[in-house]
Amino acid sequence: MLDVSNATWALSERSVLQPMWDYLQQNHESTLRSPLFPVILSVSMYLVLVFFYTVLDLLAPTWPSIRRYQIHQDRTVTWSNIGSTLALTTYNHLLYIFPAAIAQWLWRPPVPLPREAPTLTAFLLGIVGCTVVFDFQYYLWHLLHHRVGWLYRTFHALHHQYRQTFSLVTQYLSAWELFSVGFWTTVDPLLLQCHCLTAWAFMLFNIWVSTEDHCGYDFPWAMHHLVPFGLWGGALRHDAHHQQPGTNFAPFFAHWDWLGGTATMPAPVKTKTRKERDEKEA
């Protein structure tokens, strides 16, 4: 007997993303097939996010409505901070990322695109699956680079030059760390056999939450407020990692640090300082 309800649901799922996917293929197929497209997409997303947060950083000292959400309200992001972090980011991309992307563009043929879009369930589960796998990979990488002194000094110490983070610290990284993160972001969707649309969405999601982790703000709409039961780390926990580098190694979820005994939260004094500033401004 034909299950009409299940057939209708499956058809509805397929039709959700298909119109958008058809439009992209019909109007931008050559762009989507280019090996350069994921690089341009990810860099553009990162620049948009850091521009937004940097504007907030520059306005915060004179705008109490912004400053009240800063994790460290007694600190100001200076033009010197912005210049030094942006200089390293630009250097890494010009010296490593773009040459690698151009080499891939020259040596690899354009990627064939599937005719059908992923179902909504496959799309969402693919993003979640890639996020879970990436989180575990980076947790082990991060833990190892803190526990082995040579790895920390050679590759990861650069990122910890800033004990109080702001958005541009997200990619204030050594080339080795930048390549490691980019490698997993690219390979994980392939391992899970995700649709290319899912892979691109995961890439954007990864950049978004990574930048949010370093942004230095505790907004009510941040991921750690949206995900229940304290399962998501977020900006507060990652800020605590920069204050206490032996804690909170997982980039996104909190469960690996709970299981490993490395979980911590910021000291209550930060919340007290925020309340005191709010009362003073009232």
Side-chain angles (χ1 to χ4, degrees), residues 42 44-86 88-89 127 131 135 138 142 159-173 181 204-245 247-255 257-258 263-282:
S42 59
S44 300
M45 178 70 168
Y46 181 68
L47 291 177
V48 168
L49 289 172
V50 297
F51 176 78
F52 170 73
Y53 284 118
T54 301
V55 170
L56 295 185
D57 290 335
L58 295 174
L59 293 176
T62 56
W63 287 35
S65 58
I66 298 175
R67 191 175 71 229
R68 66 191 298 264
Y69 293 112
Q70 284 186 307
I71 297 173
H72 299 281
Q73 297 175 18
D74 57 344
R75 138 176 228 290
T76 300
V77 177
T78 66
W79 283 106
S80 176
N81 299 146
I82 295 170
S84 61
T85 50
L86 188 59
L88 181 64
T89 300
I127 295 174
T131 303
D135 186 71
Y138 191 81
H142 200 182
H159 185 65
H160 279 273
Q161 286 183 8
Y162 288 92
R163 295 186 69 249
Q164 298 174 354
T165 61
F166 55 100
S167 61
L168 278 162
V169 177
T170 308
Q171 291 192 10
Y172 191 74
L173 308 170
V181 172
L204 295 179
F205 178 75
N206 195 329
I207 293 170
W208 169 37
V209 293
S210 297
T211 308
E212 184 182 82
D213 276 359
H214 291 85
C215 73
Y217 291 89
D218 181 20
F219 289 120
W221 55 83
M223 281 291 294
H224 62 279
H225 290 304
L226 301 179
V227 177
F229 312 119
L231 293 175
W232 195 263
L236 289 172
R237 283 195 173 96
H238 194 72
D239 179 80
H241 168 72
H242 277 257
Q243 301 295 312
Q244 306 172 55
T247 64
N248 294 350
F249 296 111
F252 303 143
F253 294 102
H255 61 280
D257 285 301
W258 292 342
T264 190
M265 281 294 289
V269 66
K270 290 175 182 166
T271 303
K272 181 179 179 181
T273 302
R274 177 177 298 170
K275 289 180 178 178
E276 288 175 351
R277 286 186 175 274
D278 287 344
E279 291 172 359
K280 183 178 180 180
E281 293 163 2

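Rounded to the nearest 0.5 Å, atoms CD (Gln73) and CD1 (Ile66) are 12.5 Å apart. The structure places OG1 of Thr76 at 9.5 Å from CG of Asp57, a figure rounded to the nearest 0.5 Å. The line from OG1 of Thr211 to CZ of Phe166 is 12.5 Å long, rounded to the nearest 0.5 Å. Separation of atoms OG (Ser167) and CZ (Phe52) is listed at 10.0 Å; rounding is to 0.5 Å. Here the straight-line distance linking atom OG1 of Thr89 with atom OH of Tyr46 works out to 4.5 Å at 0.5 Å rounding.
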- prompt: Step by step, would you call Asn206 with Ser210 a side chain to side chain donor-acceptor pair (under 3.5 Å)?
  reply: CA-CA 6 Å; Asn206 195 329; Ser210 297; 3.1 Å; yes
query: Does the side chain to side chain donor-acceptor pair (under 3.5 Å) test come out yes or no for Asp239 and Tyr217, once each step is laid out?
result: CA-CA 10 Å; Asp239 179 80; Tyr217 291 89; over 6 Å; no
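Using bins of under 30°, 30° to 60° and over 60° for the plane-to-plane angle, the ring pair His142/His241 lands in the perpendicular bin. Taking the six-membered ring where tryptophan is involved, the planes of Phe253 and Trp232 are perpendicular, since the angle between them exceeds 60° and thus also 30°.
Nearest approach of Ala263 to Asn248, heavy atoms of both residues: CA-OD1, 3.3 Å. Considering every non-hydrogen atom in both Thr247 and Ala240, the closest pair reads OG1-O, 3.9 Å. Counting all heavy atoms, side chain and backbone alike, Gly230 lies closest to Ala254 at O-CB, 3.6 Å. The minimum heavy-atom distance linking Asp213 with Pro251 is given by the pair OD2-O, 2.5 Å. Ala250 approaches Asp257 most closely through the heavy-atom pair N-OD2, 3.0 Å.
Using modelled atom types, one finds a donor on one side chain and an acceptor on the other under 3.5 Å when comparing His214 with His159. With hydrogens and angles left out, the side-chain atoms of Tyr172 and Gln161 include a donor and acceptor closer than 3.5 Å. Asp218 and His224 share a donor-acceptor pair across their side chains, judged by distance under 3.5 Å alone. A donor atom on one side chain and an acceptor atom on the other are found under 3.5 Å apart for Arg75 and Gln164.
In Phe219, the CZ atom is crowded: over 12 heavy atoms of neighbouring residues, nucleotides or ligands sit closer than 6.0 Å.
With sequence neighbours excluded, the residues forming a side-chain contact (heavy atoms from CB on, under 4.5 Å) with Trp208 are Met45, Leu49, Phe205, Glu212, Met223, listed by chain and number.
In this structure, the side chains of Leu236 and Ile71 come closer than 4.5 Å at one or more pairs of heavy atoms. Residues Trp258 and Leu231 have side chains in contact (heavy-atom distance under 4.5 Å, counting atoms from C-beta outward). In this structure the side chain of Thr165 never reaches within 4.5 angstrom of the side chain of Cys215, judged on heavy atoms.
A donor-acceptor distance shorter than 3.5 angstrom exists from the side chain of Asp135 to the backbone of Phe252, with no hydrogens or angles considered. At least one donor-acceptor pair closer than 3.5 Å links the side chain of Arg163 to the backbone N or O of Gln243.
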Can you give each donor-acceptor pair under 3.5 Å made by side-chain atoms of residues 77-84, sequence neighbours left out, with the distance rounded to 0.1 Å?
from  : atom 1 : to     : atom 2 : distance (Å)
Thr78 : OG1    : Ser80  : N      : 3.4
Thr78 : OG1    : Asn81  : N      : 3.1
Thr78 : OG1    : Asn81  : OD1    : 3.1
Asn81 : OD1    : Thr78  : N      : 3.0
Ser84 : OG     : Ser80  : O      : 3.2
Ser84 : OG     : Asn81  : O      : 3.1
Ser84 : OG     : Tyr162 : OH     : 2.7

